[in-house]
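First up is the structure itself, then whatever we jot down about it.
When a residue number appears, it is its place in the shown sequence, counting from 1.
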Amino acid sequence: DVYPLGGGPERVGQTEVVVGNWIRERNARERIVLATKCFGAMSDRPNDKGLSRRHIIEACDASLRRLQTDYIDLYQAHFPDVNTPIDETMAAFDTLVKSGKVRYIGCSNYAAWQLAESLWTSDKLGMARYDCLQPRYNLLFRVLEEELVPLCQSQQVGIIAYNPLAGGMLTGRYDGSTEAQPSTRFTLNHAGELYRKRYWKDIVFEEVNNLKRYFTDKDKSLTHVSLSWVLTRPGITSAIIGASRPEQLKDSLRGVELALNEEELSVIDAVWYNLPREKDSQVARR
């Protein structure tokens, strides 16, 4: 609900408005799976953010109005809220499920212990539980393989990966020879600094350039390779493509058809081994 990314406080909710209009104009509601999130600050009022019961229920009602629908298929916590008891958060989501406003609930940017605590709380209190996790995942950032993937597989929680192309870094568009261009994820207000911290590094450019040369010799697009790799990893249900133009979406979808052999997978693994380890800054700061 807080999107568009980098839009500023005066534009929060506008992405949902666009999606709602798109659905209504095409009478498409019953033909899609509609997902959105809550957590981000929707105003400067102190209770208009986070995962308190008050904010979750108010945020859901506001999203329903903007999306012009009476139910959301997948409603997700955008981040964990360390200032709200987990049982309050899960009870609020449970209320939405029981009311019919939400079909399923999920979470995003949760550490393994936070997801485990949430699942345990729902089980203990007999409430709706998180059926989906949305983490950052790509061949440059594979931290979730250590604990989150095994946990999700054990508890039958789906994984929808975001950033499968590392904000565009894995399209091969950037080689480190120029500054970040306007109107990209690396220059967006508020979000640009975060993306540069994640990926705009000499070691990342070096590894990506090596990958691009390797797969160009095999007549394979780095974009398609990167998406195929994510989609075929253990535990992954789907991936979110951040396309900004129709032609980008059409091109990215070709990654679904690509198969990687053992040698290619080994080359991709080497990238992760060569990169310095760091925690996901979005989870670590909360």
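- For the 3.5 Å distance criterion, the side chains of Glu263 and Tyr214 qualify, holding a donor opposite an acceptor.
- Under a 4.0 Å N-O distance rule, the pair Lys201/Glu206 does not qualify as a salt bridge.
- At most 12 heavy atoms of other shown residues, nucleotides or ligands fall within 6.0 angstrom of atom CD in Gln156.
- Side-chain atoms of Glu88 come within 3.5 Å of backbone N or O of Arg53 as a donor-acceptor pair.
- Heavy-atom minimum distance, Glu145 versus Pro150: O-CD, 3.5 Å.
- A salt bridge links Arg142 and Asp269; the closest N-O separation between the charged side-chain nitrogens and carboxylate oxygens is under 4.0 Å.
- Note that OH of Tyr75 and CD1 of Ile56 are 7.5 Å apart. Values are rounded to the nearest 0.5 Å.
- For CZ of Arg11, the number of neighbouring non-hydrogen atoms (other residues, nucleotides, ligands) closer than 6.0 Å is 12 at most.
- Within a 6.0 Å radius of CZ in Arg45, no more than 12 heavy atoms belonging to other residues, nucleotides or ligands are found.
- Classification of Arg65 and Glu16 as a salt-bridged pair fails, no side-chain N sitting under 4.0 Å from a carboxylate O.
- The shortest distance between side-chain heavy atoms of Thr223 and Leu165 falls below 4.5 Å.
- The shortest side-chain heavy-atom distance between Ile236 and Arg233 falls under the 4.5 Å cut-off.
- In terms of modelled atom types and a separation under 3.5 Å, the side chain of Thr237 and the main chain of Ile159 share a donor-acceptor contact.
- Under the 6.0 Å distance and 45° angle rule, Arg136 does not count as a cation-pi partner of Tyr162.
- Side-chain contact check for Gln76 and Tyr130: no donor-acceptor pair (N or O, by modelled atom type) lies under 3.5 Å.
- Centroid-to-centroid, the aromatic rings of His78 and Tyr110 stay 6.0 Å apart or farther.
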Starting from the C-alpha separation in whole Å, work towards a yes-or-no answer on side chain to side chain donor-acceptor pair (under 3.5 Å) for His224 and Asp251. CA-CA 8 Å; His224 303 158; Asp251 179 62; 3.1 Å; yes

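- Rounded to the nearest 0.5 angstrom, Ser122 OG and Ile105 CD1 are separated by 5.5 Å.
- Remark: the backbone N or O of Thr69 is not paired with any side-chain donor or acceptor of Arg24 at under 3.5 angstrom.
- Remark: Arg129 fails to qualify as a cation-pi partner of Tyr104 under the 6.0 Å distance and 45° angle criteria applied to the six-membered ring.
- Surrounding NZ of Lys37 are more than 12 heavy atoms belonging to other residues, nucleotides or ligands, all under 6.0 Å away.
- Ion pair Lys98/Asp94 flagged as a salt bridge, since at least one NZ, NE, NH1 or NH2 atom sits closer than 4.0 Å to an Asp/Glu carboxylate oxygen.
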Where do Arg103 and Asp131 land on the salt bridge (charged side-chain N to carboxylate O under 4.0 Å, His left out) test, with the steps shown first? CA-CA 11 Å; Arg103 297 291 192 260; Asp131 282 313; over 6 Å; no

